[in-house]
Amino acid sequence: MKKLPTSPFVLLMLGAALLLGGCANYLQPFNVAEARPGLQSHAHGALTDLPAPQQKIVAAVYRFRDQTGQYKPTEGGSTFSTAVTQGATAILMRALEESGWFVPIEREGLSNLLNERQIIQSIRAQNADPDGERLGALPPLLYAGVILEGGIVGYDTNVLTGGAGARYFGIGASGEYRQDQVTIYLRAVSTQSGRVLKSVHTTKTILSQKLDGGAFAFVEVDRLLETEAGFSFNEPPVLAVTEAIEQAVKSLVIEGVRENLWSLADPDLSQADPAFAQYDAAKAETAQRDYFDRSVRRGQNRPGLGFGLGGGVQRYQGNYRDPLERPTASVHLRGNLTPRWALGGSASAGELAADRTFAGAYLAADLHTIYTLLPESRLTPFMQAGGGVLVREAVERQRTDDQVFPYLTGAAGLELMVTPRLGLSMAFGNDYALIDGLDGVTGGTGHDSIWSLRTRVTWYPFN
């Protein structure tokens, strides 16, 4: 009988497997849930908090439908299931009722309503009440002063996608995300003149995320351990459509009040009510977002001059084996020419070293151009390229007379605007010497170079 392995690593992995198994039972319950009142969207509270109207608006909705014609995508193509709900009319009717501003009347099922009224009218004509009196005619149908038109005009899939992961010796984790987008247009039409009184539109993103992890490793020569766990989050499209419609109804009410199409019960609230202030703040924020619903600062990021300090770690690559990582420090200056292009300059100091071979300090200065890929975004990739001069002190075993080295520099990285004036960046780059001999030795297949990973803090005082 073989003895079971009891190494700490094996015990740790088995414990993790049991823990993940327990989590799997929790993430996928075996019990069914009871029916409950429907979930409310994030816009529902703001819709119901609108100030009271002077008089409710009788509104008709004939059909508020999906105009995209899109089918739900699958890995094999698409199915006959539509991408968005076909019940947008019902959602809009409820939003009108919940707002407290409208009296919605039935028009989508108008033929059914008229048929039922005919049946009732026929029965009333043939029968009398308990007192023998003939039953009178039905009261007339309520007519609408406003017809609400529009629909779901856009459903864009995979507007943004991305992910990241890492795996080491069979143990790793990964995450993915996808962002879709639904767009709603709603307009109010006067039944007396046919004039479009007001048209509004709203956009709602739909987020899907997936996280998973696992291990696949040999814990002994003939024993294989495999574990996995995961979790996915998919925002329900019907709730996204509901939120967009409710926001559209709220926008229609507020915009109509401001254009004197309808009135508040208390006219003095038009400027002081929190609902109007929140709406203005949301519109101002929307103006600072791009097509991908990312927050941007149009024409305000990284303007004028920037001054900063930096530090990091670098590693020389040359003729000696076993190069060592050494710290480096720098100061830099940046001046923007256009939103995407900038000129920069930096001065740095550090040390080049290889294990038990040589070590020498240096000073360097360079000029470079910077290209910013997303200038209006707080977080953006950037690339830079240029040239400079490096002055190195004499080192042991030096076989050349050169101590001044021109070089080409290039880097790529990310910059995050922590505040409107403060940027934090990280870049990975290489400085390639145009004259061989940074380590005091010439030869080999190429010139010496310096690889570096640096972080910088940049202050934009004129922002």
Side-chain angles (χ1 to χ4, degrees), residues 33-50 53 56-72 79-117 119 141-157 180-191 196-206 234-256 262:
E34 298 179 354
R36 63 187 66 186
L39 297 173
Q40 305 290 355
S41 77
H42 294 301
H44 184 264
L47 179 69
T48 56
D49 287 341
L50 287 170
K56 289 189 177 183
I57 306 159
V58 181
V61 181
Y62 280 80
R63 193 177 182 190
F64 194 81
R65 63 186 182 89
D66 168 28
Q67 300 177 11
T68 66
Q70 291 193 36
Y71 291 98
K72 188 177 296 184
T79 66
F80 290 106
S81 178
T82 54
V84 293
T85 176
Q86 303 300 291
T89 304
I91 297 173
L92 176 58
M93 295 290 281
R94 180 179 181 274
L96 295 174
E97 180 185 1
E98 292 287 309
S99 70
W101 271 78
F102 297 91
V103 178
I105 57 177
E106 179 61 39
R107 288 296 182 266
E108 184 181 28
L110 182 60
S111 60
N112 296 335
L113 177 62
L114 293 177
N115 287 340
E116 192 63 25
R117 283 177 62 87
I119 294 172
L141 282 174
L142 191 63
Y143 64 87
V146 169
I147 298 177
L148 297 180
E149 297 283 356
I152 304 171
V153 301
Y155 185 80
D156 305 304
T157 60
D180 301 338
Q181 189 168 277
V182 62
T183 303
I184 303 291
Y185 273 75
L186 177 66
R187 64 182 182 273
V189 182
S190 170
T191 57
V196 176
L197 301 175
K198 190 64 189 177
S199 182
V200 297
H201 78 282
T202 57
T203 301
K204 174 70 175 73
T205 59
I206 304 173
N234 299 286
E235 189 175 359
V238 67
L239 282 179
V241 171
T242 300
E243 183 172 346
I245 290 176
E246 291 179 343
Q247 181 62 41
V249 172
K250 175 186 173 183
S251 301
L252 187 65
V253 169
I254 293 177
E255 295 286 349
W262 31 80

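Listed here is the closest heavy atom pair of Gly100 and Lys56: O-CE, 3.2 Å. The heavy-atom pair separating Ala248 from Ile184 by the smallest distance is CB-CG2, 4.4 Å. What you find for Asp180 and Thr157 is that their closest heavy atoms are OD1-CA, 3.2 Å.
Remark: Asp49 pairs with no residue by the side-chain contact (heavy atoms from CB on, under 4.5 Å) rule, at least two apart or across chains. Residues forming a side-chain contact (heavy atoms from CB on, under 4.5 Å) with Gln181 (at least two apart in sequence, or on another chain): Asp156, Val159, Thr203, Thr205. Leu39 meets the side-chain contact (heavy atoms from CB on, under 4.5 Å) test with Leu239; sequence neighbours excluded. Residues meeting the side-chain hydrogen bond (donor to acceptor under 3.5 Å, both in side chains) test with Gln86, sequence neighbours left out: Asp66, Thr82. Considering only residues two or more places apart in sequence or on other chains, Thr191 meets the side-chain contact (heavy atoms from CB on, under 4.5 Å) condition with Ile147.
Here Trp262 contributes atom CH2 and Glu255 contributes atom CD; the two are 10.5 Å apart, rounded to the nearest 0.5 Å. Between atom CD of residue Glu243 and atom OG1 of residue Thr202 there is a gap of 9.0 Å, rounded to the nearest 0.5 Å. Rounded to the nearest 0.5 angstrom, Glu108 CD and Phe64 CZ are separated by 12.0 Å.
Within the 4.5 Å cutoff, side-chain heavy atoms of Arg107 are placed close to those of Leu110. Two residues are said to be in side-chain contact when any heavy atoms from C-beta on lie closer than 4.5 Å; Leu114 and Leu141 meet this criterion. Side-chain atoms of Tyr155 and Ile206, non-hydrogen and from C-beta on, do get closer than 4.5 Å to each other. Ile245 has its side chain out of reach of Ile152: every pair of non-hydrogen atoms, C-beta onward, lies at least 4.5 Å apart. Annotation: side chain of Glu246 is in contact with side chain of Arg94 (closest heavy-atom distance under 4.5 Å).
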Checking Thr68 against Thr183 for the side chain to side chain contact (heavy atoms under 4.5 Å, CB included) test, could you report, in this order, the C-alpha distance in whole Å, the side-chain angles of both residues, the deciding distance, and whether it holds?
CA-CA 10 Å; Thr68 66; Thr183 303; over 6 Å; no

Test side chain to side chain contact (heavy atoms under 4.5 Å, CB included) on Lys198 and Leu252 and set out the steps.
CA-CA 7 Å; Lys198 190 64 189 177; Leu252 187 65; 3.8 Å; yes

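A side chain to side chain donor-acceptor pair (under 3.5 Å) check over residues 96-106, counting only residues at least two apart or in different chains, returns the pairs His44-Glu98.
Between Tyr185 and His201, the ring-plane angle classifies as parallel under the 30° and 60° cut-offs.
Within a 6.0 Å sphere centred on CZ of Arg117, other residues, nucleotides and ligands contribute more than 12 heavy atoms.
Not a single donor-acceptor pair under 3.5 Å links the side chain of Ser199 to the backbone N or O of Arg187. A donor-acceptor pair under 3.5 Å links the side-chain atoms of Gln67 to the main chain of Gly150, judged by distance alone.
Residue Lys204 is tested with His42, Gln247, Glu235 for a side-chain hydrogen bond (donor to acceptor under 3.5 Å, both in side chains); the sole match is Glu235. Of the listed residues (Val103, Leu96, Val253, Val146), just one forms a side chain to side chain contact (heavy atoms under 4.5 Å, CB included) with Ile57, and that residue is Val146.
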